[in-house]
There are 2 protein chains.
Amino acid sequence: MHRHEGHDACHGDVADMLARAEAVCRERGLQFTPLRREVMEAVAEAGKAQGAYDIAEKLSAPGKRVAPVSVYRALDFLMQQGLVHRIASRNAFIPCAHGHAPGEGVVFLICRTCGGVDEASSEMLEDGLDRTLKRAGFTPAHSILEVEGDCGACRERQQAG
Amino acid sequence: MHRHEGHDACHGDVADMLARAEAVCRERGLQFTPLRREVMEAVAEAGKAQGAYDIAEKLSAPGKRVAPVSVYRALDFLMQQGLVHRIASRNAFIPCAHGHAPGEGVVFLICRTCGGVDEASSEMLEDGLDRTLKRAGFTPAHSILEVEGDCGACRERQQAG
DNA sequence: GGCGGCAGTGATACACTGTAACAAACCCGC
DNA sequence: GCGGGTTTGTTACAGTGTATCACTGCCGCC
Ligand SMILES: [Zn+2]
Ligand SMILES: [Zn+2]
Ligand SMILES: [Zn+2]
Ligand SMILES: [Zn+2]
């Protein structure tokens, strides 16, 4: 689902995402530290993919600087837990809105107009990929599926305007 | 097809790739300059994806330095002509072994053991992707499909060893 | 209480990847 | 030869990510 500005309730708002992150950490015996929480919040609040340096800047304030390296560490942790995803084509990060299994075939739909990123999963797509890989004799470990284009909302807006 | 070390004949060897590049440029009225040729050759010779800085170093010699920026320009040109591809997950480049249409749905199979990269295209995969996008109301412009794993040759080698 | 290990964080420096800007060289038709 | 477009050289810089070490806070143990 596409994230519109000011309308994030489709797949859970920021509070839900934070609650899920906290629950995941607790049930796995991991620490959901203040820094990790702040990074998770920054990623969840933004309507579009955030760069690590953007997050660092956002979390910094006069007298309290958060270095990018700290953000990267928090992001690495959150990615390992499946709470955020990295968008390779943008060098940026988004919150996982679905809570799917790790390694599950998910394709990211990146709107080049509004910058929003949506996750879509599909049995059919996954089947097609599996068969293509099998035919090539290739054993997959991890896949990156990213499509850039225009989301429905932006396309309507363009046709109307 | 996976490129093994010392065995690049599956989809055309280096000479074939260079000949194709030259032909493409000639028929489009574009210049296949010495630099572009050298970059194409460097990418085609390597059995695995090459970084721009690797290429720059490879082409440099005592007394003749090739700056990375020149390599990037040559790579941009070659990519526009569909002669090389960029592997987003590696920040590296490979020669196109197939000569397919630009924008055609091709998935890159990246072997994490030997580093070789293969291109596979599949009607089924493309159908699955198209339907997934249509269902999400998303209009694609460009897609990145990359799978990391183990190629058949490396998997056999591991089982045998 | 003191002590030692461990995870997390801060801080600096650095490596890697890519681009902007401008000058020089080159090519080609006039 | 000249003018204009293309290609390349050169420098500097921005953006992205990692290595390293020191420090802190916490918890279990003596
Ligand atoms: Zn997700
Ligand atoms: Zn949009
Ligand atoms: Zn190709
Ligand atoms: Zn391999």
Side-chain angles (χ1 to χ4, degrees), chain A residues 21-22 24-26 28-43 48-81 83-94 115 144 146, chain B residues 21-22 24-26 28-43 48-81 83-94 115 144 146:
Chain A
E22 190 166 5
V24 163
C25 290
R26 192 170 39 231
R28 293 177 193 173
L30 302 171
Q31 304 180 37
F32 194 53
T33 65
L35 176 64
R36 290 171 179 173
R37 179 182 198 84
E38 286 176 60
V39 171
M40 184 75 218
E41 192 172 10
V43 174
K48 56 185 184 177
Q50 296 287 293
Y53 280 67
D54 297 333
I55 300 171
E57 194 177 353
K58 198 177 190 178
L59 297 187
S60 291
K64 176 213 173 199
R65 168 179 135 88
V66 176
V69 61
S70 297
V71 174
Y72 276 112
R73 283 190 290 230
L75 286 171
D76 285 344
F77 171 84
L78 295 171
M79 276 194 293
Q80 277 178 7
Q81 308 313 318
L83 296 167
V84 312
H85 298 300
R86 180 181 145 81
I87 306 299
S89 60
R90 295 278 177 114
N91 296 327
F93 304 83
I94 60 165
I144 297 175
E146 299 177 8
Chain B
E22 192 167 5
V24 162
C25 290
R26 192 170 39 231
R28 294 179 192 172
L30 302 171
Q31 305 180 37
F32 194 52
T33 65
L35 176 64
R36 290 172 180 172
R37 179 182 197 85
E38 285 176 61
V39 171
M40 183 76 219
E41 192 172 11
V43 173
K48 55 184 185 177
Q50 295 287 292
Y53 279 67
D54 297 334
I55 299 170
E57 194 176 354
K58 199 176 189 178
L59 297 187
S60 291
K64 177 213 173 199
R65 167 179 137 87
V66 176
V69 62
S70 297
V71 175
Y72 276 111
R73 284 191 288 229
L75 287 171
D76 286 343
F77 171 83
L78 294 171
M79 277 195 291
Q80 278 178 5
Q81 308 313 317
L83 296 167
V84 312
H85 299 300
R86 179 180 145 82
I87 305 299
S89 60
R90 295 276 177 115
N91 296 328
F93 303 83
I94 60 164
I144 297 176
E146 298 177 8

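Lettering follows sequence order; numbering is per chain, from 1. This is a predicted model, so every value here is computed, not measured.
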- At under 4.0 Å between heavy atoms, what does A:R86 touch on the DNA or RNA strands: base, sugar-phosphate, or nothing? sugar-phosphate
- Task: Give one of base, sugar-phosphate or nothing for A:V66, where a contact means two heavy atoms less than 4.0 Å apart.
- Result: nothing
- Kindly compute the distance separating CG (A:L75) from CD (A:Q50), expressed to the nearest 0.5 Å. 10.5 Å
Whole-Å gap separating [atom2] ([N]) and [atom1] ([X]):
X     : N      : atom1 : atom2 : value
A:N91 : D:dT18 : CG    : C1'   : 14 Å
A:R90 : D:dG17 : CZ    : P     : 14 Å
B:L30 : D:dT6  : CG    : P     : 11 Å
B:R36 : D:dT6  : CZ    : C1'   : 8 Å
A:Y72 : C:dA15 : OH    : C1'   : 13 Å
A:L35 : C:dA7  : CG    : P     : 17 Å
B:E57 : C:dT17 : CD    : C1'   : 15 Å
A:L75 : D:dT18 : CG    : P     : 11 Å

- Query: Any side-chain N or O of B:S70 under 4.0 Å from OP1/OP2 of D:dT8?
  - Reply: no
- Should B:T33 be listed as having a side-chain N or O under 4.0 Å from OP1 or OP2 of D:dT8?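 It does, given that an N or O in the side chain of B:T33 lies less than 4.0 Å from OP1 or OP2 of D:dT8.
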- Nearest-nucleotide comparison on DNA chain C, the residue closer to the 5′ end among B:Q31 and B:A52: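 The answer here is B:A52.
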- Query: What about B:R73: does its side chain form a donor-acceptor pair under 3.5 Å with the base of C:dG18?
  - Reply: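 Answer is no: no donor-acceptor pair is held.
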- Message: Considering only residues two or more places apart or on different chains, which pairs with a residue in residues 33-42 of chain A satisfy salt bridge (Lys or Arg N to Asp or Glu O under 4.0 Å)?
- Response: A:E22-A:R37, A:E38-A:K64
- Query: D:dT16, D:dT6, C:dT17: which one has an atom nearest the side-chain heavy atoms of A:Y53?
  - Reply: D:dT16
- Answer yes or no: is there a side-chain heavy-atom contact under 4.5 Å between B:L83 and B:V43?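 Side chain of B:L83 against side chain of B:V43, heavy atoms only: no contact under 4.5 Å found.
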- Query: Is there a donor-acceptor pair under 3.5 Å between the side chain of B:E146 and the backbone N or O of B:A88?
  - Reply: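 Answer holds: yes.
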- Identify the heavy atoms of B:L78 and B:V39 that sit nearest to each other, and give their distance. CD1-CG1, 4.0 Å
